[in-house]
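Presented below is the structure to which this report refers.
Nothing here was measured: the structure is a model prediction, and the numbers come from that model.
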Amino acid sequence: MAGRHRPGQRPGRPLKPAADRPSRVGLRAAARCVMCRPMKPPVLALWMGACVWAAGYAPAAAAGKPVITSQDQLPRFSYEFKGQVADAVTRDDVYRPLAVRVRADLEKLLADYDIQDKSTLADIQNALLAIDLQDGRDADALRRIAEVRNLQQKPATRMTAGLLAEAYLKARAGSARGDDAAFRAAFKRAYAAELEALPWEVVGDVIRQVKGSAEIVTEALIVGSLTSQFQPAVDKTGVISGDVAQTLVNARTTIACMLPLKAERVAALNAYIAAHLRVKPDIWAARSFALGADEKLTPVVMGIWDSGVDTAIYPDQLWTNAGEQANGRDNDGDGYVADVHGIAFTLHADRTPDLLVPLDADQRARYPEMRGLTKGMLDIRASVDSPEAADVKRRIAAMKPGEVKPFIESLSLFGDYTHGTHVAGIASAGNPAARLLVARITFDYHQIPELPTREQALKNAAMHREVVAYFKQHGVRVVNMSWGGTPRDVEEALEVNGAGGTADERKRLARELFKIERDALYDAMKSAPDILFVVAAGNSDADVGFEESMPSGFGLPNMLTVGAVNQAGEETSFTSYGAVVAVYANGFEVDSYVPGGERLKYSGTSMASPNVANLAGKLLAVDPKLTVEQVIELIKLGADRSADARFNLINPRRSLALLRARMAD
């Protein structure tokens, strides 16, 4: 769940992983656009995951090409578009002219620039592959898939990239033209054979996620999501960006090529999973430890900078502003009286006494229902048959396009509402000395977020400075930040609001608004060298440096950026990465509390990050004299190198043993 809050806009939301490795070309139709997103569970990556044909292709670099080292340097495209967005994904006469222009621009982009980021190249090639499939350029598509597999970094992604497209192409080549039954049978055989050749121990998690996406994707879901997010801006401006155009191209290929084969695809996936499903070994029980209440521990104030916390769940682990609790006076001089267990801000960065977003009467009444739907989505992703999963499948199967927006926004609201409480439970688990100080940032759950403005960017910047000052004033030692944002997020929010001018003008404005908030957050964190900030990398399967993610890309000496692995210590398909990602921790189906005291298993770097904050808090409880540098050193020295030597995997027991050995000396 790592999230994003977009600078210049109302604080955004946590980041969340996709249900399959969706193309990140275009606006994240299944993810909401805000400047700051929490990194939250993959309950909303509904249809994008089903659109994946391949990813990761990169052409050979040519001498003399301009080098692209950040997303901001990429040229922007735009296209005149009149009428209904839905027509581009359901009508060939609307799709074809758009696809011709998209192909020309993307091929020129690859020819003219040396793009250094493989994820960006993956997005470009995903769109081109989708067009190849529609245009009948089968030989080109097959060559592209082969190159894709050679360039993947994650083992599971390398093995699964392009399987669907390859099976589709094999079936088209081997069946009698015009014989639909023969084509379907050929596809099912080809896809089943592709799956059977895969080692379950490597690809099992990805295949379960693919099955979840394949089971619930419908044309109504795709059309409803695209229409609700993009149609208002199209009606206002008559223009779409290159990102949106590529999203439409991918969606058209999904509807035209994949959805007609849904039954065959799901049957093949079910058969493969049934034949191979087994629980992977869980390495975390042997690595984890709990501190005893009878041990000599020092209370550690831990900031949970997130979407708010249901403090009633953690009565014995709360930091308390004792003076203000006793007499209701502004004893800490911050101009605000009611901050007994922390500090909170509304969507518009105004102070509020509510450490958890208050729900209205209708939202409170629907809370149990939304909890069940969220559990159902998570169960579908994990290939768990449950009453909740069956209910979600029934609802989505019957859903009409106009019903998609309220459904997605309800799940988004629930995800935002529960995110901080879930994170707090992970950060404080097994540590009776943890004292949780809540710092609520409010995330926008709407598909079309509020318009980013300079005024709001300045308010958000002031909020960041105030929160960090509050941490310093009250002795916070560790802060968990499972949220973040990028300049591109601001750009996307401007576009869906039909604002910002031309594509290039929108990019410049987004950069300006992002910089206001980014600089304030960076400077505030840098000004607190005695606080360790533990930050989620993000769930975009992207390089945080190339995306210029804040705060995960800051690389400050008093922060740790955290990636996610599963229960077996294997890199997840969704985790972002990069040179500043220092360690990896469990971010797969992590169990914790949600408001009200129930428990759910969420996945994401939002869950990996508080696992590292948890370790830092325990080390400080044992030895409060540790400096930030020493805590980071103990975490890194205790970590194991992954089998492929690509990342560092935390080992809490070993870090504790190193600390105790130092204390004994």
Side-chain angles (χ1 to χ4, degrees), residues 4 15 17-18 20-29 31 33 48 51-62 65-78 102-132 144-145 147-154 157-158 161-162 241-250 484-492 495 503-504 506-507 510-511 514 537-550 552-553 573-581:
R4 305 192 174 177
L15 298 180
D20 188 0
R21 186 186 183 279
S23 166
R24 281 167 290 100
V25 170
L27 298 178
R28 297 164 179 86
C33 297
M48 291 291 284
C51 302
V52 180
W53 300 96
Y57 170 79
K65 288 184 179 182
V67 176
I68 302 294
T69 58
S70 75
Q71 62 82 29
D72 198 55
Q73 297 169 345
L74 288 166
R76 296 324 195 237
F77 304 111
S78 60
V102 169
R103 179 191 287 282
D105 284 337
L106 293 183
E107 289 180 341
K108 182 173 174 54
L109 181 62
L110 292 175
D112 291 352
Y113 294 90
D114 177 10
I115 301 172
Q116 297 289 297
D117 183 58
K118 290 183 179 180
S119 293
T120 300
L121 289 165
D123 290 342
I124 294 170
Q125 294 297 339
N126 237 356
L128 289 172
L129 177 56
I131 298 171
D132 283 344
R144 200 184 304 276
I145 291 169
E147 294 182 53
V148 163
R149 291 174 181 163
N150 290 330
L151 292 165
Q152 296 302 312
Q153 299 181 73
K154 299 175 181 178
T157 310
R158 185 182 307 120
S241 69
D243 281 354
V244 172
Q246 292 164 50
T247 296
L248 298 179
V249 164
N250 286 331
T486 71
R488 197 61 171 259
D489 294 331
V490 192
E491 203 173 329
E492 293 172 357
E495 178 173 8
D504 286 333
R506 190 163 55 238
K507 180 174 78 168
R511 165 64 61 179
F514 179 83
N539 306 313
S540 302
D541 186 22
D543 188 313
V544 298
F546 187 86
E547 289 200 323
E548 301 179 83
S549 299
M550 73 162 212
S552 59
S573 60
F574 56 76
T575 185
S576 290
Y577 49 84
V580 299
V581 181

message: Does either side chain, that of Y577 or that of S540, offer a donor lying less than 3.5 Å from an acceptor on the other one?
response: no
field: Atom pair CD/CD1 of E107 and I131 - distance to nearest 0.5 Å
entry: 8.0 Å
- prompt: Is any side-chain heavy atom of E547 closer than 4.5 Å to a side-chain heavy atom of S119?
  reply: no
statement: In this structure, CD of E492 is separated from OG1 of T486 (nearest 0.5 Å) by 6.5 Å
- prompt: Between T69 and Q116, does any side-chain donor sit less than 3.5 Å from a side-chain acceptor?
  reply: no
- prompt: Is the shortest distance from a Lys or Arg side-chain nitrogen in D72 or R511 to a carboxylate oxygen in the other one below 4.0 Å?
  reply: yes
- prompt: If only atom types and distance count, is the side chain of S241 paired as donor or acceptor with the main-chain N or O of V244 below 3.5 Å?
  reply: yes
task: Give the minimum heavy-atom separation between V544 and S576, together with the two atoms involved.
output: CG1-CB, 3.9 Å
- prompt: Tell me, do L109 and P75 make a side-chain contact under 4.5 Å, heavy atoms counted?
  reply: yes
message: Assess whether a salt bridge exists between E491 and R76, defined as any Lys/Arg side-chain N lying under 4.0 Å from an Asp/Glu carboxylate O.
response: yes
message: Looking at every non-hydrogen atom in both residues, tell me the closest pair between G162 and I145 and how far apart they are.
response: O-CD1, 3.9 Å
- prompt: Is there side-chain contact between V67 and I115, with at least one heavy-atom pair below 4.5 Å?
  reply: no
query: Has the side chain of T247 got a donor or acceptor atom that lies under 3.5 Å from a matching backbone atom of D243?
result: yes
- prompt: Any side-chain heavy atom of L128 within less than 4.5 Å of one from V102?
  reply: no
- prompt: Is K65 reaching over with its side chain to a backbone N or O of L110, donor-acceptor style, under 3.5 angstrom?
  reply: yes
field: Sidechain N-carboxylate O distance under 4.0 Å for R144, D132
entry: yes
query: So, do Q71 and D117 sit near enough that their side-chain heavy atoms are less than 4.5 Å apart?
result: no
message: Looking at K154 and T575, would you say the former's side chain and the latter's main chain have a donor-acceptor pair under 3.5 Å?
response: yes
query: Any side-chain heavy atom of D541 sitting closer than 4.5 Å to one from F574?
result: no
query: At what distance, to the nearest 0.5 angstrom, does OG of S78 lie from CG of D105?
result: 9.0 Å
- prompt: Is I68 close to F546 at the side-chain level, that is, under 4.5 Å between some pair of heavy atoms?
  reply: yes
task: Taking all non-hydrogen atoms of both residues into account, name the closest pair between V580 and S552 and its distance.
output: CG2-O, 3.3 Å
statement: To the nearest 0.5 Å, atom OH of Y113 lies from atom CD1 of I124 at 11.5 Å
task: State plainly whether the residues K118 and D543 are in salt-bridge range, i.e. N to O under 4.0 Å.
output: no
